Structure formats: structure tokens, C-alpha cells
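Here is the structure we will look at, set down as C-alpha cells.
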Amino acid sequence: MRTFRTHFSYEALLELRSSYTCSSVKTDSKFTQQELPACKPILTPKWVISVFVLIGVIFVPIGVASLRASQQVVEIVDRYDDACVPANVTDKLAYIQDKSIQKSCTRTLTVTKDMNQPIFVYYQLDNFYQNHRRYVKSRSDDQLRDKSKAAVTTNCDPEATLNGKPIVPCGLIAWSLFNDTYNLILNNDNLTVDKKDISWKSDREHKFGSDVFPQNFQQGPLIGGKTLDPNVSQLSEQEDLIVWMRTAALPTFRKLYGRIHVDLKVNDTITVHLENNYNTYSFGGKKKLVLSTTTWLGGKNDFLGLAYLTVGGLCFFLAFAFTLLYLIKPRKSGDNNYLSWNRPPVGR
Amino acid sequence: MRWSKLYTFNCFRGHHGDASADGPSSDGAGAVGGPGFSRVVHCNNPGLQKPLKYPTNYITTTKYNIITFFPKAIFEQFRRVANLYFLLTAILSLTPVCPFSPVSMIAPLAFVVGLSMLKEGLEDWRRFIQDMKVNNRKIAVHKGDGEFMYRHWEELCVGDVVKVEKDQFFPADLLLLSSSYEDGICYVETMNLDGETNLKVKRSLEATLPLEEDESFKDFQAVIRCEDPNPSLYTFTGNFEYERQVFALDPGQILLRDSKLRNTSFIYGVVIFTGHDSKVMQNSTESPSKRSRIEKKMDLIIYILFTVLVLISLISSIGFAVRIKLDLPHWWYLQPQKSNKLDDPSRPALSGIFHLITALILYGYLIPISLYVSIELVKVLQAHFINQDIHMFDEETGNTAQARTSNLNEELGQVHTVLSDKTGTLTCNQMDFLKCSIAGVSYGVGSSEVEIAAAKHMASGDDDHDMPLEDIWEENNEDEIELVEGVTFSDDRLMHGNWTKEPNSSTILLFFRILALCHTAIPETNEATGSIAYEAESPDEGAFLVAAREFGFEFFKRTQSSVFVREKHTSPNGTTEREFKILNLLEFNSKRKRMTVILKDEDGQILLFCKGADSIIFDRLAKNGRVYEVDTTRHLNDYGEAGLRTLALSYRVLEEAEYSSWNAEFLRAKTSIGPDRELQLERVSDLIERELILVGATAVEDKLQKGVPQCIDRLAQAGLKIWVLTGDKMETAINIGYACSLLRQGMKQICLSIPTGDQVAQDAKKSSLTTEQAAKESLLSQIANGSQMVKLEKDPDAAFALVIDGKALAFALEDDMKHMFLNLAIECASVICCRVSPKQKALVTRLVKEGIGQTTLAIGDGANDVGMIQEADIGVGISGVEGMQAVMASDFSISQFRFLERLLVVHGHWCYKRIAQMICYFFYKNIAFGLTIFYFEAFAGFSGQSVYDDWFMLLFNVVLTSLPVISLGVFEQDVSSEICLQFPALYQQGPKNLFFDWYRILGWMGNGLYSSLAIFFLNLCIFYDQAIRAGGQTADMAAVGTTMFTCIIWAVNMQIALTMSHFTWIQHLFVWGSITTWYVFILAYGMTLRSGDNYQILLEVLGPAPIYWAATLLVTAACNIPYLIHISYQRSCNPLDHHVIQEIKYLKKDVEDQTMWKRERSKARQKTKIGFTARVDAKIKQIKGKLHKKGPSLTIHTVS
């Protein structure tokens, strides 16, 4: 009884004292005394299990949904770089570099599953380092946007000027523009490949000027890739270039070539007349033509769904494992026996 | 009889003690002129003195001057490896190899270096101002023809004659020529040198006594030949050539710079050592720059990271070289034939080397410059909180705690040993007359703190240790009623003249007379109030005199031969003034341990009053003088146990004849010349101090600073070791040891000291060793015995205390002995070093610091503690009444010792954890980020291209992740401050370094590595080649980079949210605000055209793409799940103390089950052998032991 009373008076005293001291100095505040109200969450078993279950509950449905979306995508991939070089050509590099040869080629694709429009046509390059620093740097955004800045070609070397005049668009990226072309024929009808709006709207409207015209482009001794479409003059309409100028993050990449606004049925045969101009032979890169549909998620992407399912599943497993752990080796929250001074080696 | 003989002062006699003051001595002169003794001082003769070119009295303690500041400060800055590295990258960023813009490299470096230099400059400026103040003090200097003129201190030269007036500081080391007293003595206060406030007496040579007025220096000429400047405060060897005679000088004539003239109206002196040559300046050590342990370890980690950096850069550049050699010629789209030398396929090695530099800069995110900025900022804020803490605010002085440097905040949480000064730190240097025993009756109802607490504890009736000591303290403080300063004595039987009614009133009268007469103090009348203050050699004499005055015996005047006392109650007609003729005064010294006056009262009776240590007095009692011996002994024991200083008082009545025959012999001994004069004097004194009659005993409490015993108790419970280093005498130090519970009855004391001179000499003769070797030998065996004793001790409760004195310490600190000494000291529960010089304090501190290899903290208040404060890992200065030197040298200043507890246990604990967590997190976050850049390289032909926009990288450390980690470093609290104080054991997490050990650091690095892999490869797989939108667009580099960066921002911010355990609105704002800021930034950045491919990226490209959000969620979860598993598992299976306490608090168990809460609080203390609790325990055990002895064998139960 006595101890209890003394203890009580101690607490009261402490309170008294602190309230006295607190009021005596002006600068005192909860902030400076580091006594701001705080929430101090603690990972109790309940919380641990709930968190894991919650993650599982969120992740598994997302995983299922994205996997299903990915499986709805129909994709036709055709590699043509080897096939489009005549069988009798031994030096593919010389063949592709020979300007005099007409490099037409015909490929036949069979639709494996119904494809609803819009169907996207891509070209895919492999082992092509669009992300090389020397390559990425080699452009001039100012020049592309602004007519008056045509001479700004600082980073464009070695494709900056021609005979002292600036090249527009300058730089290696533009210079090496992809120049294979595809003509798709479905059941003897030409499939119109819609090449409008394949680039980002903001690029067309803000980054590539509508009053900027190509100058001296692809007129040097070395011709890299495609020359620009002579039908449209301004850069903002050169959508192939705009797409190409968005450099890819990885050496394997796909870029949008166009869209087909026709549904394709199973076993439809598509004949592709292509012009095989682009040199990937010197560095052993593959070229592929891709026809693909999309869903809300984009293209075929099983990985995302699988990853979600894995993480979700793992979380369920962890929830289960921790439940087991708490059952087998329970520790009451705030059990004072676990304080270091109460544990066997130290405890009395 | 000469006045000066009364005040012989022995403490300043060092190793050269045999150079007698009374005449030339061959011993002292022999050394002069030899090596190390080259100084020649031509007194009062600047013409001869000038060519010798001794430095002037100008002192400077600054590190820089205006010209050297920039080069030197910049050099200092770039001595830090990290800064040098950043400088290198900044320079390289100007060349085309740099992957970023130069501004983003140079600006942060300039900021960091500029900030640090500004800090340095300000500190130095403050030092400069301080120096100027000292240099511009004025002093009267003889300028010729007997005229004195005031000049600045700095203009003083060796050989100048100066006149120092009362209460002035001595401007340089002086030779005392004469003083206002006719026998050439003067009183000196040496507080700034050794921390002692009592006055010391110096006296001039007799030869120079006539030089007592300004005029007499007209023709004064003399030459001093003496030792070279050295730091030893207590020695001096030299010769004084004056009027064709040579006199030997000893420390008794030397007045040291920074001590103060007291009680003497003026002195004349000759300057011997000026400025930096003076002993006190020689004692000062260069103030070292201190870095905390964590910071040193951080450096190591940075080296490791740097190695990793170099390694991945090497991989990168080799990869680059290989690809350039093998592949680049085939990459026609790069036009390899037109390449420059940075990527020239024909010279791959050269390109590789260039690329190495690029890579080093690119991956520089592993070693973030922002780490240094953030840590600096966090520490400043932490220091700010320390300064603001209201619980460390002293209402009396109005001072708060001050973190003078913010470098060491976290070190406060890792302290292992506290080395404390005594006077002014632990004690107020104020003695209180508390009790006395007269004629076998104990008077005085006041109790010492220990007694009160023990009594209360016993009264509470139960034998468990739950009762918080705070209860006792709280009540204690209320009892304090301050009486007259120096006396807390209260007992109505003696006060107000009531003693005349006591049965033994004649003995009581004698007792009071001894108090009033047997001393060496001088009364100082305050002219304004008429009250009398006493200047006494030791503060307890002052306490006696004040007590005597309270009893009605006011000592008010001392002449050369008499002492005058105003007695109130001895005669019927009120107050009478009595004169007592002093015939002889046999002074106190540590060997004699007693002091005697022989005097003649007004009736012509010759009386001998003797006071001294009880053992000494009891040995000398007459047969009829032992009436009260038994009772007095009992009382003395009680007093001693209560931590009081005791002295026994006795008297003797002398016959005229007996006295005169003794006096003749005494005079003979006094005038004898030669080395055994001291011995002679001692022998003769011994003859008369016999056949004494015991009167009683006094008990004086050395007043401790407020809250000192409690603080020591709690620090001990927090597992800290406490050493006391003091300039005081051994007896005083031991008493204080008792008073603040560092020592207690039943503790085994190991006293190490060098045996007295003659004993050593005898030993030396026997074993044909030099005196020094013999002393060493004896000390060695003492240490060995002590160690043996400790080793053989079986009782686990037994505690040892080590007490060592300054001379012994000088040997113990030598290389061959120091480890033995240290090992013994570690075994002992408390260590007390007495009579240590400032330099020795520093050396002991170094020994502890280096020997134990743990963090040491030194705390002190005076200039004598500066060395130790600078030497220790952390120096704490008490900003009290004494000068500011200690505070200026310290890293932290507090106004009371008791605040040390809060400084260490609360702020230290918090800061340690904060900084440790912060650094770990910093490494995590930069590894997680930096490595993704590296992985990308492998996919970009090692070309040095970054997947992120330059701006993202710049902002990553500066804006997007910095505030949360700063809030972690500033506001994180694992437990509240009350709990830190209630559970001192939590402090041990610091010294054990639980939060910054390699396991934890590598764990965090592993986590960073994992996160980087998860972030990069998950994103890579998700964005591989497919369309990312229903519109069929594929991801370009900007989209991939931005998504990856979003993932990083989420992952690292979620990570820190998981790391924190304390969320105020600030943390919430910073963590969630950082994530929001990222989105705001990318929106705003997307509006500007300079963003390149990131133009409108969120609104147009990524925002509408579900895959972007899905990737963010997936990666964030994947990065944090392992850490979540880790902390969940750790908490459930292997909880640390603060986890459990957090849970108890969270579940409010402490309110529900108060008994458990209290019990845990008391168990959370380290088992200590020192401190108040241990002492109360011991006392209870002892009392119980007595009780149990009566009954059958019972064991003492302690709560388990």
C-alpha cells in the first residue's frame, strides 16, 4: 500500500515539475522538445499477416487479369533478314550495300488466330544499339523544333554539316533511319497500312516543327538509311522519322510501322512485298516483321501477369508461414520475458 | 619569528625539491647551464636581453591567419578522401568524357566545401577574438628610472620587471621579487592551472626583499640562468645572480601565467617565460579535430564502395574497349570511321582508359556527395535539439546545453568510460560543517544524502528493489533548507549559546576554540557589509571558521603574532574580544596529516591545539586523554560511512619550561642548513605533538553539485565506467569518492603511491638502484599485488577501487607499465586518480582511450581539464562560474554535471541510432540506384549512356529522397525520452554498436543490391519489346527510364517508411511528399521543351498506360518484401529490447500492469558495484546480515 502511494505521488510530482518548467521558458514547444504527437506503428503478428494477405489479395487478381489480357493478344512474327537475301549471295554485306540491286522480297504469313482491328505492324531490330551514347547524343532537338536554329548542330558530329551547310535533321539517328518498306496483300487485295498517327502527338506538335524542312539530308558521300518522304515537306509530318528518333532503351526493339484497319481471320494468308534495304548484316542483327493486336495492357506480355501471380502467391505463402510461426513459436506482444535482461544467458 | 615561516607551502615542491630556498645550493646549480638549462634572463636590462631573441608575450591559438586561411583550409578540406574524389570528378566533368553537365558536379562540391570552410573560419575568428582580448590586457611594466607604465600583455619581453596588482592575472611566468607584504610572500590562486580554488603561498628570495617600491628598480640588475621552457607546472630549476651572489631558485618563487594574485595588494616580478614559452601554454595541446567512430567506419565503407565503384568501372571500361575493338567497326550507324579518340576502334585501350573516367563519374552515385551534406545538416539539427532541450536548462545560470561541435552527436550514444574532474564538476568546492562529536556526544541533526536514502529504503519495509530511487530523491530535495553558506549544521543543543547548558560545556568551549584558532586562514572584511569572509588554504578550514562563528566564536583578525577572536557566550557581559598569541605553527602536509598551533592565551597559559586525521591523533593521545575515544571512534565511523570528511581535534596544556626547551630545539632545527632540515623539523615537531587530550571530531560534507550522486548512479546503471581525475589530495579525493558513492565501506581499496622519499632512498641503497628505479620497482609490485588480489577474489559481489596518486601515475603511464596499470584499473569498479597535473589528465585519458579501444568522455570545468577534454573522444565542459577555457575546448558544454545523464542516455542514444540508420539507409538507397545505371550499361554497349534523364539523377539525392532520410536522422525515436531514462540498459545498444555493425551494414547493402536487381530486371522484362499501350506504341528509352525511376522513388521511400518507427506529421509529409514531388516534377518537367524525350511523358505516354502503374506496384512490393520479412521475423523471434518496450507501450501494458513495468525498470539497470544503488544495497545487506546472524541461517533474497 505504501509503495503504491509513493509511486503515485512520484508521478504527480513529475507532472507538476514538467508543467512548471515548460511554462517557464518561452522557446519551449513540443517541436523543440521532440515531443510532437506521433504515430508509432508496430508490426504485430496481426499486422504482418494482414499485410501479406492484403498484398496477395491485390496481386493475384491483377496477375490473373494481365495474364488473360496478354493471352488474348495475337502476334505474328516473321524474321526476314536471311530469307530476303538471294540464296546465291555469299557476301550479304556487299549485297545490301550495293545500291544498284533492286532488293525486293516476298514473304507469306499465315494468320494463326482471329485478329481484330486495329492490327499493328512493327519492324523489330535486334542487336542494334540505339542506346549507344554516341548515337543517343547525336541529334539536335533545337534544330528539329525551330526553323531559325537550323545551324545548331553541336552534338551532331559526324553528320552535322555538308560542305559547311547544316544538315537538317542532323545527327546519326536521323541519318540511320530505317528504310525497309512493307506492302501487305490479303487475298489479292492491298491491305492499306495506315501510317498516320503512329508517333506521339506531342512530338508532332511540339518537338518537330511544322515549318522545319529537311536540308542537305542524305546527300553526303555516305548514305545511311531512308531519305525523307518527298511528298510531305515539313518534319512534323515525317512520322517514320519521329518514331525512329525516339531511341529505344535496349538493343532489341520494335517500332511501329503502321496500322491495318481490317480484321483478319484464322488461316488468312498475307503476302508481304518488302524492300530489304536496311543493313543489319554488318553487325549480325535480325530484322523481323511483326503483326500484333493489343489489349488494355498493350502487347503480348506474359511476364507481368506471371510476376504478379508469383509475388501474390509468395505473399499468401508468407502469410501462411508467419501464421505457422506465430502458432508454433508464439510470442505475446510486449512479453517482458523477451527483454534482454530476462533472457537465459543474462537473466537471473 | 618570520611571517613566511608560518605559511610554508609544500605542495609545489617537485622532484628538484632539495634545492633549498634559503640559500645557494650546489644541487640546483649543478644542472644550470647544462643541456636543457640554457635560458639566460637579464633582468631589467633590455639592451642585453634583446639579442637573445626569446619570443614576445603574444599568444595565438588560431589555426589560420588571413593569408594562410584559404590555402590551409582548402588543404584541410581536401584531405578528406571523399572531397578529393569529388574534386577530381568535378575537374573531369569539364572534359568531354563526363556523362553529365559540369554544373551538376561542381555546384554540390562547392556547397559542401564552402559550408565547411565557413564553419572553420567562424570558429577560428572566435579564437582570434579570444586571443586578442588576452593579448590586450594591461600590465604595469618598469620602463626605466623607477617608473612603471601600463602596457599590453603582448608587448612584454623576457627580463621586464612588472608590477601585478591584486586580483590581476600574471601575464607571463614571473620570478617573484617582492610583495606588499614585508617578508615577500604573496597568495596565488591557481584555478586555471590545476582547478584548485584554495590559495597558495609563494615567497620571494630574501635577497630581493628590499625591492619593495617602484623607485628601487632604478638600478636593479640581475641575471637568471634557468631551465628551458617545459610543461611541468610543479618544477623549476634555476639560479639567480644578484649582487655578486648566486641564489638557487625553486618553484616557490615562480608565479605562473594565468594564475591570479589574491589577498596581496601588489607584487614585483621579473618575466622569465613569455607567451608560448610559459608553462601553462606549454601544457596546452593542439586542439585535435575529432571524428566519431561511426564516421570513421563510414569512411571504411566508403572505401569499400569506392573499390566496388572502381571494379564496376573497370568492368565497364573493359567491356567498352572490347566492344569498341570487336563490334564498333560493324556498327555502321555510328560511323566508326569518323570516330574521335574517345571511341576509336583502332586504339581500344586508350578509349578504354578514357571510358574508365566516364564510368567513374557515371557510377559516382554509389558514393553520394549528398551523404556528407545530409549528415552535416542532420547533425546540425540534432545539435539544435540538444541546445533546445529544456531538461538540460539550468535555471540558476540560465544556460542550456550547447553542442559546440555537431560532429560527435552520435558518439554520445557509444560512451564506455567517463573521466571526470572533481572540483567544480562533481563538487561545488564548498564544505559544509554538518556534524561534530564533542566529548563523546554526537551533535548535528542534519543527515547526508546517503543516510537519508538508506533510512527511507529500509523504512519502506520490503526487500525488493522495486522502489524507484526517484522517490527518495524527490523527497530529499524538498528537505533542503539552506542555512548560512558553509554550515548546514543545526542542533539546538549547541546553537545560540545553548551549549553552555550542556554537561561538558568546558570541553565544548575548547572544541570551539580549536575550530577558531587552529588554522592558517586570513579574515577578509567586506567593507560594505562588515561581514567577514575567510581565505583559507583548504575549503574545510573555511567551513570550520564559519561554523565557529555560528557557535559564537568569530575569528576576525590575524596579525603577525596573534589571532583575535570575538566570543559571544563565554563571559557574562556579552561579546568579548580575545587575543591569542601564536607561538608556533606546525603546518599540515600530506605526510604529517595533522596541524598544530601553539599559543598563549590571555591568562598566559600555553596551549597546544592539534587537529588531524583520526588515526594520527589517536596514536598520540595521553593516557588521560582517551576518555572519549570509544564514543568518538564510533561516531567517526558513522560519519565516514555517510561520506563525510572527518578530523579529530585535541589539545594539550604545556608548561612554560617544557615549551621553552622544546622551542629552542625547534629553532635550531629550523635554522639548520642541509638536506635533512625537513627531517629535523619533523622529528622536533613530533616531540611536542604528544600526550594529547581528545576533544572531539568534526564531520564536514564536501558539498556535491546538485544531482551528482543520482547522475553517477544512473550512468553506472547504464553500464558506464566512471573515473575521477583530480588535482586534489588523496584524502580529499577519497572522501569525494565516498560522497558520490564511487567508494563505499566494504569496497576493497587498492592504493598506489610512491613511498615517501626516505623509504625509497633506503630501498635504493639496499638494492643499489637509483631512487627512480626503486620507486618504479615498488609501484610495479603494488600493481602486481593488486592484480593478484583481484584475481583471487571469489566473492562475486566484492568490488575493488583503485586510488592512485600523481607521482605514482607518472610512472604508471610509462610505456612498460601502462598496460599492467590499465588492466588492473579495468578490473576495478571505480578508479580515482589524485594530484594529477593537466598533462597527466590528458595522458590518462589517452591511455584509457587507446588501451580499452572504446569511446571515452571527459568532463571538466577548469582550464586544467582542457588537455583531457581535448584528448578524449568527447570533451564536455561545465559552463559554470569558472573561466571559459574548458568550455572553449569542449565539444559539448552543459551547466551541471547531472545533465550528463540526459545528454548521453537520451540524446546520445537517439543520435546514435538516427545516424546509424541514416547512413545504412543512405548506402542502401544509393546502391539500389547506382547499380541500375551499371546494369543498363551492359545493355548499352558499355557506352556510358544513362537510361535516366540527367535531371532525374541530379534530383534523386537532392530533392526526391533527401528529406525523408533527413527526417529519419533528425526526428526518429525508437522510444521516448522517459523510457530512455527509465531503462538505462537501452543505452548499451550504443556501446555494443548493435546498429552499425558489419552484419547490419552488409545487410543493408545486400538489400540495396537486391533492390537494384529487382528494379532493373523486372522493368526490363516488362518493357522488353512489346507495345505498352492499347494504341500499339512501344516504350522508348525515356519511357523505360522514367518508369524505372518511378519504381526507385517508390521503393526507397517505402523502404524508409518501413524503417521508421516514429511518424509525426513531418515524417508523413516528407515521405509521402517526396513521392508526390516526383510526380509533380515529372509533370512540370514534361511541360518544358528541354526535357527532350520526356516531353509530356507522364500525361501522354505513361499516365494512360496501365502497365506503368502495374510495374510501379509490382516493383515496389518486390523490393520491400524481403525487408518486411526480415523485420517481421526479427520482431517475432528475436526481438531487441526496444521492440519489446515499444510493444508494451503500444498495448498500454505499462498502465495495466504497473508492477511488471516497475520491476522491469529496475531490472533494466546494469548490475553495478558503484553508485548509490549499490551502496544502499550493500548497506541493507549489511544490516540484514546483522539481523540474520541472530536467527538461524537465512539467506538474503533478492527478487529474481
Side-chain angles (χ1 to χ4, degrees), chain A residues 3 6 10 13 21 25 28 32-34 36 38-40 42-43 48 55 120 129 131-136 141 158 172 176 200 202 207 246-250 252-256 279 282-283 294 296-301 303-304 307-308 311 322 325 329 331 333-334 336 338-341 348, chain B residues 330-335 338 343 385 388 390 467 470-471 474 939-941 943-945 947 985 1021-1022 1025-1030 1032-1034 1036-1037 1040 1061-1064 1092-1093 1095-1096 1100 1106-1107 1110 1114 1117-1118 1127-1128 1131-1132 1135 1137 1140 1142-1144 1146-1147 1149 1156 1160 1163-1164 1200:
Chain A
T3 26
T6 41
Y10 164 62
L13 250 163
T21 46
V25 167
D28 176 32
T32 55
Q33 298 311 306
Q34 310 189 50
L36 285 174
C39 98
K40 299 169 186 172
I42 279 173
L43 272 182
V48 174
I55 299 176
F120 299 92
Y129 285 86
N131 58 10
H132 199 280
R133 184 158 156 246
R134 188 171 149 95
Y135 190 78
V136 173
D141 281 346
L172 291 172
S176 59
W200 298 107
S202 64
K207 286 173 64 189
R246 283 257 179 185
T247 53
L250 296 170
T252 301
F253 59 89
R254 263 176 212 186
K255 283 186 186 288
L256 197 52
N279 174 13
S282 65
F283 50 86
T294 59
W296 57 272
L297 193 65
K300 196 164 188 61
N301 198 340
F303 179 81
L304 186 70
Y308 262 97
V311 173
F322 271 100
L325 181 76
K329 218 179 148 193
R331 179 179 79 85
S333 258
N336 50 294
Y338 277 81
L339 289 163
S340 63
W341 48 89
R348 283 179 279 181
Chain B
H330 307 298
W331 293 341
W332 60 267
Y333 50 89
L334 293 180
Q335 295 201 1
K338 287 193 190 164
D343 38 14
F385 278 130
Q388 293 279 326
I390 195 115
M467 180 168 166
E470 290 86 348
D471 301 11
E474 290 298 334
F939 290 85
S943 60
Q945 178 60 38
V947 69
C1021 294
I1022 294 169
D1025 57 1
Q1026 285 291 344
I1028 55 162
R1029 294 265 300 261
Q1033 296 95 333
T1034 52
D1036 66 330
M1037 200 158 79
V1040 173
S1061 60
H1062 183 89
F1063 285 89
T1064 65
D1093 281 351
Y1095 186 70
Q1096 303 254 322
E1100 193 187 8
I1107 204 167
L1114 177 74
I1127 55 173
S1128 309
R1131 193 180 270 274
S1132 66
D1137 291 342
V1140 180
Q1142 281 169 354
E1143 285 165 9
I1144 292 175
Y1146 182 74
L1147 299 171
K1149 269 192 164 181
M1156 177 278 292
E1160 295 308 332
K1163 276 202 265 178
S1200 47

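Just so it is clear, the structure is predicted and the values come from calculations on it, not from any experiment.
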| field | Worked verdict on A:H132 versus B:Q945 for side-chain contact (heavy atoms from CB on, under 4.5 Å) | value | CA-CA 6 Å; A:H132 199 280; B:Q945 178 60 38; over 6 Å; no
Decide yes or no for [X] and [Y]: does some side-chain heavy atom of the first lie under 4.5 Å from some side-chain heavy atom of the second?
X       : Y       : result
A:W200  : B:Q1033 : yes
A:L172  : B:Y333  : no
A:Q34   : B:H1062 : no
B:D1025 : A:L250  : no

Identify which part of [X] has an atom lying under 4.5 Å from any heavy atom of chain A, answering side chain, backbone, both or neither.
X       : result
B:Q335  : both
B:L1147 : side chain
B:V1040 : side chain

Could you look at [X] and say if it's the side chain, the backbone, both or neither that has a heavy atom under 4.5 Å from chain B?
X      : result
A:Y135 : both
A:R246 : both
A:F120 : side chain
A:A307 : both

| query | In chain order, what residues pass the ring-ring contact (aromatic ring centres under 6.0 Å, His included) check against B:F1063, with sequence neighbours excluded? | reply | B:H1068
Nearest heavy-atom pair of [X] and [Y]: which atoms, and what distance?
X      : Y       : answer
A:I42  : B:Y1146 : CD1-CB, 3.4 Å
A:T294 : B:G1032 : CG2-CA, 4.0 Å
A:K255 : B:T1034 : CA-OG1, 4.2 Å
A:N131 : B:A940  : OD1-CA, 3.3 Å

| Whether A:Y129 and B:W331 hold their rings parallel, tilted or perpendicular, with breakpoints at 30° and 60° | tilted
| NZ/NE/NH1/NH2 to OD/OE distance under 4.0 Å, B:D1093 and A:K207 |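 Salt bridge present between B:D1093 and A:K207.
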| request: Can you measure from CG (A:L297) to CZ (B:R1029) and round to the nearest 0.5 angstrom? | output: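 It comes to 12.5 Å.
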| message | Check whether B:E1100 reaches the backbone of A:S202 with its side chain - one donor and one acceptor, N or O, closer than 3.5 Å. | response | yes
| remark: By side-chain contact (heavy atoms from CB on, under 4.5 Å), B:P1106 pairs with (sequence neighbours left out) A:W296
